[in-house]
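Each remark here refers to the structure printed beneath this line.
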Amino acid sequence: MATESFTGDTVLIDLGLDRGEPATYRKPTRSTVPPWLAPLVVAVLVLASTVASASPPPPALARVFSLRLGPTDAYAVTDAGDLITQGSGRISRYDLGSGALRWQSGSPAPASRPRTSNGLVLIRPWSAGLSGIGDPGTTAIALGGGDVQWRRSGSVVALTGTTALFAVTGVRSLAGTGRRVEGSVDRVDPADGSTRWQVDVPSTAVLLAVPGPAGSPRILLVHDNRTAAVHDLDTGRLLVTGPMPPADYGPDNPTVSGGLILLRHPGEHGAEISAFDPVTLELRWSRPAGDVDEIVTCEPYACLTGAGGVRALDPATGRTLWYQAGWRMVEQRGRHLLASSAPASTSQTVGIVDPSTGVVVTDLRGWRPLTGSTGDDTLVVTRAVDAGARSMVAVVRPGGDQPRLISELPPGTGDCQSAPGRLVCRSVTGELVIWAYRVKG
């Protein structure tokens with residue numbers, strides 16, 4: 001068909017027959033099409049056009065960005081949706097939503113996994129020695145801008161149950177809710193790293209946070225002479241002291257569960273579990289420990305775990321609420337209580353449990369829960385298929401009876417953490433890959 005172009009200011013269109021009726025005009029006749037059909041046809045055509053022109057749905061798993069990160073380089077995901085990486089002499093902060101680099105700051109030395117608290121990124125080099133020998137201290141970097149806020153001696157930690165910061169010198173391990181320390185415990189001002197108050201530790205002690213009146217936290221030190229001391233969080237003032245039984249005090253003993261201090265210790269007729277009031281340090285109850293390896297929280301109760309199974313206790317009385325002989329461990333993940341069994345080789349997830357009854361409400365056999373926070377109590381899980389050749393990823397939402405599939409992970413993907421709307425995984429190619437995920441259906 002020829003295409004004509006017109007120039008000038010006026011275009012005339014010849015309608016023919018002196019603008020009268022065309023030669024082929026015939027008198028219109030009554031249509032045989034029902035009057036309701038035409039609008040319907042138009043609607044169908046509009047719908048078909050809309051569907052045809054609509055963008056395809058986004059993929060269930062979409063790559064957002066990636067970073068080069070060595071196998072020994074550490075990273076951390078914050079609840080606010082940030083990615084903190086440590087490697088090549090730099091600490092970097094990225095926005096998980098867009099992948100934008102927020103800032104980079106020099107790192108004093110290869111460090112352990114970055115920790116965030118009170119608007120700070122806390123860095124402690126790997127070379128941190130015990131008992132203060134060659135102590136490289138802790139560096140605090142502003143999470144907002146990447147500037148170094150302060151440096152000070154000691155390992156600066158936040159205890160479970162409080163956001164307050166403490167500088168301590170570790171004797172053995174700083175993992176878990178109980179920490180064995182020596183020298184002193186210093187309450188740290190997050191603004192400048194100065195010491196607000198200090199409590200001397202003549203020898204060694206276990207340090208943990210305990211609930212006070214109305215749930216306000218306090219500090220408990222169990223000294224190696226088996227004297228427990230409760231201190232005010234704001235002033236460090238000694239509030240109450242009391243004797244404790246002989247025990248293997250360490251990172252996980254004693255612990256706080258169900259609002260009480262629970263201690264595993266030798267008794268007259270074998271191992272016992274004793275509960276102490278965190279305000280008065282008075283003994284509430286004691287009971288045989290049985291085959292217990294660890295006391296863990298399964299709010300609002302306390303759980304005893306070990307080779308003999310998992311037993312949930314009423315913290316007010318020590319009475320058994322339920323017992324599962326085939327389980328070996330339970331773990332509190334936000335609102336979820338996860339149970340696992342222990343076959344001959346490795347631990348195996350059983351499912352999400354109702355803590356009041358011990359009944360499995362979501363079957364997770366074959367799935368492995370990921371660490372990290374999703375911001376909405378969604379649990380992200382992975383599953384190996386085809387003899388480990390492939391991995392699937394899915395989500396479990398509160399109240400769901402089974403995982404909802406997201407997608408298959410690319411080959412060579414592992415060491416994943418969950419974040420709000422994101423997966424952060426290492427790749428065999430030496431990359432840290434950030435994926436956006438969408439639940440199907």
Side-chain angles (χ1 to χ4, degrees), residues 57-62 77 79 257-258 294 296-306 308-315 320-343 345-410 413-425 435-441:
L61 193 65
V77 175
D79 292 339
S257 187
E294 192 175 359
V296 298
T297 296
C298 49
E299 293 294 351
Y301 311 110
C303 283
L304 311 181
T305 67
V310 174
R311 189 182 306 272
L313 305 182
D314 179 356
T320 297
L321 299 175
W322 51 262
Y323 171 66
Q324 291 284 359
W327 298 355
R328 295 295 178 267
M329 178 59 66
V330 289
E331 178 187 1
Q332 194 78 44
R333 292 275 195 94
R335 289 171 52 191
H336 301 298
L337 181 65
L338 296 175
S340 60
S341 61
S345 56
T346 58
S347 176
Q348 187 176 59
T349 304
V350 174
I352 298 176
V353 178
D354 181 350
S356 62
T357 63
V359 173
V360 175
V361 295
T362 306
D363 188 349
L364 293 180
R365 286 173 295 182
W367 294 94
R368 185 175 66 85
L370 299 182
T371 59
S373 172
T374 59
D376 59 357
D377 281 320
T378 295
L379 187 67
V380 183
V381 294
T382 60
R383 180 177 192 143
V385 295
D386 294 343
R390 298 187 301 128
S391 294
M392 310 301 292
V393 62
V395 298
V396 181
R397 292 190 171 134
D401 58 355
Q402 62 183 357
R404 299 183 62 187
L405 184 66
I406 296 175
S407 177
E408 178 180 344
L409 289 170
T413 300
D415 187 22
C416 296
Q417 290 189 35
S418 60
R422 296 289 185 268
L423 288 179
V424 183
C425 303
W435 305 89
Y437 64 84
R438 180 180 61 87
V439 182
K440 296 180 179 180

> If you take all heavy atoms of Val310 and Met329, which pair is closest and at what distance?
Replying inline: CG2-N, 3.7 Å
>> I'd like to check Trp327 versus Ser340 (side-chain heavy atoms, cut-off strictly below 4.5 Å). Are they in contact?
In response: no
> To the nearest 0.5 Å, how far apart are CG in Leu379 and CZ in Arg397?
Replying inline: 12.0 Å
> With no hydrogens and no angle check, is any side-chain donor or acceptor of Ser391 less than 3.5 Å from a backbone partner on Ala384?
Replying inline: no
> Any side-chain heavy atom of Arg404 within less than 4.5 Å of one from Val396?
Replying inline: no
>> Determine whether Val393 and Val381 satisfy the following criterion, side-chain contact (heavy atoms from CB on, under 4.5 Å), listing intermediate values before the conclusion.
In response: CA-CA 6 Å; Val393 62; Val381 294; over 6 Å; no
>> Would you compute the distance between atom CZ of Arg383 and atom CZ of Arg365 and round it to the nearest 0.5 angstrom?
In response: 9.5 Å
> Is a side-chain N or O of Arg335 found less than 3.5 angstrom from the main chain of Gln332, in a donor-acceptor match?
Replying inline: no
> Val330 and Thr305: side-chain contact (heavy atoms from CB on, under 4.5 Å), yes or no, with the steps?
Replying inline: CA-CA 7 Å; Val330 289; Thr305 67; 4.1 Å; yes
> Hey, mind stepping through Asp363 and Asp401 against side-chain contact (heavy atoms from CB on, under 4.5 Å) and telling me if it holds?
Replying inline: CA-CA 7 Å; Asp363 188 349; Asp401 58 355; over 6 Å; no
> Which heavy-atom pair separates Trp367 from Pro369 by the least distance, and what is that distance?
Replying inline: O-CD, 3.8 Å
> At what distance, to the nearest 0.5 angstrom, does CZ of Arg438 lie from CG of Leu61?
Replying inline: 10.5 Å
> Any idea which heavy atoms bring Thr413 and Pro410 closest together, and the distance?
Replying inline: OG1-O, 2.8 Å
> Would you say the side-chain atoms of Gln324 pair up with the backbone N or O of Gly358, donor to acceptor, closer than 3.5 Å?
Replying inline: yes
>> Measuring from atom CG of Asp314 to atom OG of Ser356, what distance do you get when rounded to the nearest 0.5 angstrom?
In response: 12.0 Å
> Val353 and Val361: side-chain contact (heavy atoms from CB on, under 4.5 Å), yes or no, with the steps?
Replying inline: CA-CA 6 Å; Val353 178; Val361 295; over 6 Å; no
>> Nearest 0.5 angstrom please: Ser407 OG to Tyr437 OH, how far?
In response: 13.0 Å
> Between Ser257 and Cys298, which heavy-atom pair has the shortest distance, and what is it?
Replying inline: OG-N, 4.4 Å
>> Please give me the minimum heavy-atom distance between Thr357 and Trp322, naming the atom from each residue.
In response: C-CD1, 3.3 Å
> Got a donor-acceptor contact below 3.5 angstrom from the Thr349 side chain to the Ala339 backbone?
Replying inline: no
>> With a 4.5 Å cut-off on side-chain heavy atoms, are Leu423 and Val380 touching?
In response: yes
> Roughly how far, to the nearest 0.5 Å, is the NE2 atom of His336 from the CD1 atom of Ile352?
Replying inline: 4.5 Å
>> Given 3.5 Å as the limit, does a donor-acceptor pair link the side chain of Gln348 with the main chain of Val350, or not?
In response: no
> What pair of heavy atoms forms the shortest contact from Pro403 to Leu364, and how long is it?
Replying inline: CG-CD2, 3.6 Å
